[in-house]
Amino acid sequence: MNLTTFRIGFVPLLDMAPIAIAHEMGFAAAEGLALDLHRAPSWSSLRDMLLWGQVDAAQMLAPVPVAMALGLGGAVARLDILQVMSINGDVIGVAQILADKLRAHGHDFAFTDARGAADALANAVVGPLRIGVPFPFSTHVELITYWLRNTGLTFELCTIPPPRMADALAAGEIDAFCVGEPWGSVAVELGAGTLLLPSRAIWAVAPEKVLAARHDWVRDNSALTGQIMRAIWRAAKWLSVPGNRLIASEILARAEYVNASVEVLDRALRGEMIISPQGEIRQVPDMIRFYDGAASFPWRSQAAWFAAQMAARHGLDPDKSLRAAKEICRTDLYRQNLRMAGADLPGASEKLEGSLHHPTAVASERGQMILAPDAFFDGQVFDASGKSC
């Protein structure tokens, strides 16, 4: 078979797994693609590689295409969200000196109570808290600002590439971080900090990474778009099988991918998190999810939630912002290209975010779709139509 070279970019994180698996396990080749993988050192460099045509598509922070649709961050082109690559997978950690202070104030590091953790930080911290995040437009920023907005805590967000986060914490450049695995666990292994929360404790189904491509490239390459979407979707399905996790960890551990230990990657995939240098373990169901519960569907309401938060902070028109965010979620292409691959497709393209507190069956083409709980820690419900809930 003659394969078409497809250039795809990524940042070394656990959630780039669907790209590595599509390449290594033959899902891309089955679609007629030979993946040419480009490893970027930071999100700014990967975004620029995508915008300037150095790659055809990329793993991307979910809020980046939304921010660009709103005209933020010096947007020079429209990026389309083709599908979600991962749900959750981030951790919030604090420097060891701050962890000791939190324990002295009685915090139990239960790893489940977002409100309690926020209150504990507010009571323990004097002065501005320096929090490392991977990029100014990221799920990390949106979750941190939403989580801490009513605490009275003063904080400063510092942009640090994910592979550098643990070293920055150890060097005292930051007091805390929100970062994708395995780099939070690496900070624990270095003895530099303790993990405070998984991101899912703030929003149970926070979309973390998406498969993104330039709108004009998608328009001009409809066949290639379908091929890469199916390859990534089939890789995500493979990753959902528990028996495949160790194989995935061994692949991702390689220097050309994440370049982290197999053990740390495997623990994160299983949701068995060692949160402190003392070896405390916390079990986190759905620590990261690639496939189950319509995880890969590009819900317009999730992009709209990001847009609503950004619009409020940047003084943008909320209705216009929500419309712009929904437009870049290519639910039409998802339905067109993944129906033939066997994907069950939801009857709607948006939903009330935060309304599900238990697994819920919803209308779908095959009648087999069950959505996972999607609650926000504070019980809020977001209506993407712009109405108040």
Chemist: Within a strict 4.5 Å, meaning less than it, do heavy atoms of the P134 and F177 side chains meet?
Modeler: no
Chemist: Do the non-hydrogen side-chain atoms of I232 and F27 ever get within less than 4.5 Å of each other?
Modeler: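 A side-chain contact is absent here, since even the closest heavy-atom pair is not under 4.5 Å.
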Chemist: Measure from the side-chain N and O atoms of S249 to the backbone N and O of D266, and report whether any donor-acceptor pair falls under 3.5 Å.
Modeler: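 Pair found, side chain donor or acceptor close to backbone of D266.
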Chemist: Using the ring of each side chain (for Trp, its six-membered ring), is F137 parallel, tilted or perpendicular to H314, with breaks at 30° and 60°?
Modeler: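 F137 and H314: tilted rings.
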Chemist: Quick one: does D167's side chain get under 4.5 Å of L190's, heavy atoms only?
Modeler: yes
Chemist: Between the side chains of K326 and E350, is the shortest nitrogen-to-carboxylate-oxygen separation below 4.0 Å, so that they form an ion pair?
Modeler: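 The answer is yes: the pair qualifies as a salt bridge.
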Chemist: Which heavy-atom pair separates T145 from R313 by the least distance, and what is that distance?
Modeler: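 Distance-wise, the nearest heavy atoms are OG1-NH1, 3.6 Å.
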Chemist: Using modelled atom types and a 3.5 Å cut-off, is there a donor and acceptor pairing between side-chain atoms of T139 and backbone atoms of P207?
Modeler: yes
Chemist: Roughly how far apart are E272 CD and M287 CE, rounded to 0.5 Å?
Modeler: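 Those atoms lie 12.5 Å apart.
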Chemist: Looking only at non-hydrogen atoms, find the nearest pair between I274 and L195 and report the distance.
Modeler: O-CD1, 4.0 Å
Chemist: If you look only at pairs with a residue in residues 115-134, which of them pass as a salt bridge (Lys or Arg N to Asp or Glu O under 4.0 Å), with sequence neighbours excluded?
Modeler: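 Of all non-adjacent pairs touching residues 115-134, those that pass salt bridge (Lys or Arg N to Asp or Glu O under 4.0 Å) are R130-D175.
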Chemist: State yes or no: do M165 and V264 share one hydrophobic cluster built from I, L, V, M, F, W and Y residues joined by side-chain heavy-atom distances below 4.5 Å, directly or via other members?
Modeler: no
Chemist: Just by modelled atom types, is the M369 backbone N or O under 3.5 Å from a matching donor or acceptor in the D344 side chain?
Modeler: yes
Chemist: Taking the six-membered ring for Trp, are F306 and W203 parallel (under 30°), tilted (30 to 60°) or perpendicular (over 60°)?
Modeler: perpendicular
Chemist: If you measure only the distance, is there a donor-acceptor pair under 3.5 Å linking the side chains of N88 and E208?
Modeler: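 N88 vs E208: no donor-acceptor pair found between side chains.
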Chemist: Taking the six-membered ring of F109 (Phe, Tyr or Trp), confirm whether the NZ or CZ of R103 is under 6.0 Å from its centre and within 45° of its axis.
Modeler: yes
Chemist: So does R267 pair up with E263, basic N to acidic O under 4.0 Å?
Modeler: yes
Chemist: Between F6 and W217, is the gap from one ring center to the other below 6.0 Å?
Modeler: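 Yes; W217 has its ring centre under 6.0 Å from that of F6.
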Chemist: Would you say L265 and V258 make side-chain contact, with heavy atoms under 4.5 Å?
Modeler: yes
Chemist: Hey, what do you get for CG (L197) to CG (L143), rounding to the nearest 0.5 Å?
Modeler: 10.5 Å
Chemist: For a quick check under 3.5 Å, do S45 and S42 share a side-chain donor-acceptor pair by atom type?
Modeler: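 Side chains of S45 and S42: pair found under 3.5 Å.
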Chemist: Are R234 and E31 close enough for a salt bridge, meaning some N to O gap below 4.0 Å?
Modeler: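 Looking at R234 and E31, the cut-off is met.
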Chemist: Main chain of S185, side chain of E181: is a donor-acceptor contact present, judged purely on distance under 3.5 Å?
Modeler: yes
Chemist: Should E365 and R339 be marked as a salt bridge (charged side-chain N to carboxylate O under 4.0 Å, His left out) after you check the CA-CA gap, both sets of side-chain angles, and the distance that decides it?
Modeler: CA-CA 9 Å; E365 288 191 1; R339 179 180 287 113; 2.6 Å; yes
Chemist: Side chain of D36, backbone of T5: donor and acceptor closer than 3.5 Å?
Modeler: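 No; judged by distance alone, with no hydrogens or angles, the pair does not exist.
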Chemist: Between R164 and E173, does any NZ, NE, NH1 or NH2 come within less than 4.0 Å of an OD or OE carboxylate oxygen?
Modeler: yes
Chemist: Would a 4.5 Å heavy-atom cut-off, applied to side chains only, mark I8 and I228 as touching?
Modeler: yes
Chemist: For a side chain to side chain donor-acceptor pair (under 3.5 Å) check, start with the C-alpha distance between Y334 and S296, then their side-chain angles and the critical distance, and finish with the verdict.
Modeler: CA-CA 9 Å; Y334 188 96; S296 63; 2.6 Å; yes
Chemist: Under a 4.5 Å side-chain heavy-atom rule over Ile, Leu, Val, Met, Phe, Trp and Tyr, are I328 and V76 clustered together?
Modeler: yes
Chemist: How close do V91 and G184 get, counting heavy atoms only, and between which atoms?
Modeler: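 Between these two residues, the closest heavy atoms are CG2-CA, 3.7 Å.
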Chemist: Checking ring-ring contact (aromatic ring centres under 6.0 Å, His included) for the pair Y291/W233: CA distance, chi angles, key distance, verdict?
Modeler: CA-CA 8 Å; Y291 174 78; W233 181 82; 5.6 Å; yes
Chemist: Identify the heavy atoms of D374 and L356 that sit nearest to each other, and give their distance.
Modeler: OD1-N, 2.7 Å
Chemist: Got F290 and I87 here, is their nearest side-chain heavy-atom distance under 4.5 Å?
Modeler: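 No, their side chains stay 4.5 Å or more apart.
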Chemist: Taking atom CG of L252 and atom CD1 of I247, what is their separation to the nearest 0.5 Å?
Modeler: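 The distance works out to 12.0 Å.
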Chemist: Taking D383 for its side chain and S385 for its backbone only, find out whether a donor-acceptor pair lies under 3.5 Å.
Modeler: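 The answer is yes, because a donor-acceptor pair under 3.5 Å joins these two groups.
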Chemist: Minimum heavy-atom separation for L46 to Q59, with atom names?
Modeler: CD2-O, 3.1 Å
Chemist: Determine, using the 4.5 Å side-chain heavy-atom cutoff (strictly less than), whether V94 and I281 are members of one ILVMFWY cluster.
Modeler: yes
Chemist: Mind checking side-chain contact (heavy atoms from CB on, under 4.5 Å) for H215 and listing every partner two or more places apart, or none if nothing turns up?
Modeler: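 For H215 the side-chain contact (heavy atoms from CB on, under 4.5 Å) partners, ignoring immediate neighbours, are R78, D80, R330.
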Chemist: Please tell me whether M340 and L224 are part of a single hydrophobic cluster in this structure, the criterion being side-chain heavy atoms less than 4.5 Å apart.
Modeler: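 Each belongs to a different hydrophobic cluster.
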Chemist: When you measure from the side chain of R335 to the backbone of P346, do you find a donor-acceptor pair of N or O atoms at a distance under 3.5 Å?
Modeler: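 Checked: pair present.
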Chemist: Hey, are the side chains of Y257 and P12 touching, using non-hydrogen atoms and a 4.5 Å cut-off?
Modeler: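 With C-beta onward as the side chain, the pair stays apart.
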Chemist: Among T360, V362, L371, which one satisfies side chain to side chain contact (heavy atoms under 4.5 Å, CB included) with K351?
Modeler: L371
Chemist: Are the side chain of N244 and the backbone of W238 linked by a donor-acceptor contact shorter than 3.5 Å?
Modeler: yes
Chemist: Can you pull the ring-ring contact (aromatic ring centres under 6.0 Å, His included) pairs that have at least one residue in residues 349-368, sequence neighbours excluded?
Modeler: none
Chemist: Just verifying a value: how many Å separate L169 CG and I131 CD1, rounded to the nearest 0.5 Å?
Modeler: 11.5 Å
Chemist: Sort and list the pairs that fulfil ring-ring contact (aromatic ring centres under 6.0 Å, His included) and have at least one residue in residues 31-90, not counting sequence neighbours.
Modeler: none
Chemist: V125 and T154: side-chain contact (heavy atoms from CB on, under 4.5 Å), yes or no, with the steps?
Modeler: CA-CA 9 Å; V125 173; T154 301; over 6 Å; no
Chemist: Indicate whether any N or O donor in one side chain lies under 3.5 Å from an N or O acceptor in the other, for T331 and R300.
Modeler: yes
Chemist: Could you grab the distance from atom CG of L33 to atom CZ of R7, nearest 0.5 Å is fine?
Modeler: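 If I round to the nearest 0.5 Å, the distance is 13.0 Å.
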Chemist: Hydrophobic side-chain clustering at under 4.5 Å (ILVMFWY, transitive links): who's grouped with L246? Put none if nobody.
Modeler: V262
Chemist: Roughly how far apart are L98 CG and I174 CD1, rounded to 0.5 Å?
Modeler: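 It comes to 11.5 Å.
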Chemist: Under 4.0 Å between a side-chain nitrogen and a carboxylate oxygen: does that hold for R219 and D216?
Modeler: no
Chemist: Output a table of donor-acceptor pairs, distance under 3.5 Å, between side-chain atoms of residues 60-75 and any protein atom two or more places apart or on a different chain; print 'none' if there are none.
Modeler:
none

Chemist: When you compare the side chain of P198 with that of M273, does any pair of heavy atoms fall below 4.5 Å?
Modeler: no
Chemist: Does the pair W305 and F376 meet the rule for a ring-ring contact (aromatic ring centres under 6.0 Å, His included), with working shown?
Modeler: CA-CA 12 Å; W305 185 83; F376 293 98; 5.3 Å; yes
Chemist: What pair of heavy atoms forms the shortest contact from L13 to G180, and how long is it?
Modeler: CD2-O, 3.6 Å
Chemist: Using a 3.5 Å distance criterion without hydrogens, assess whether the side chain of W147 forms a donor-acceptor pair with backbone atoms of A114.
Modeler: yes
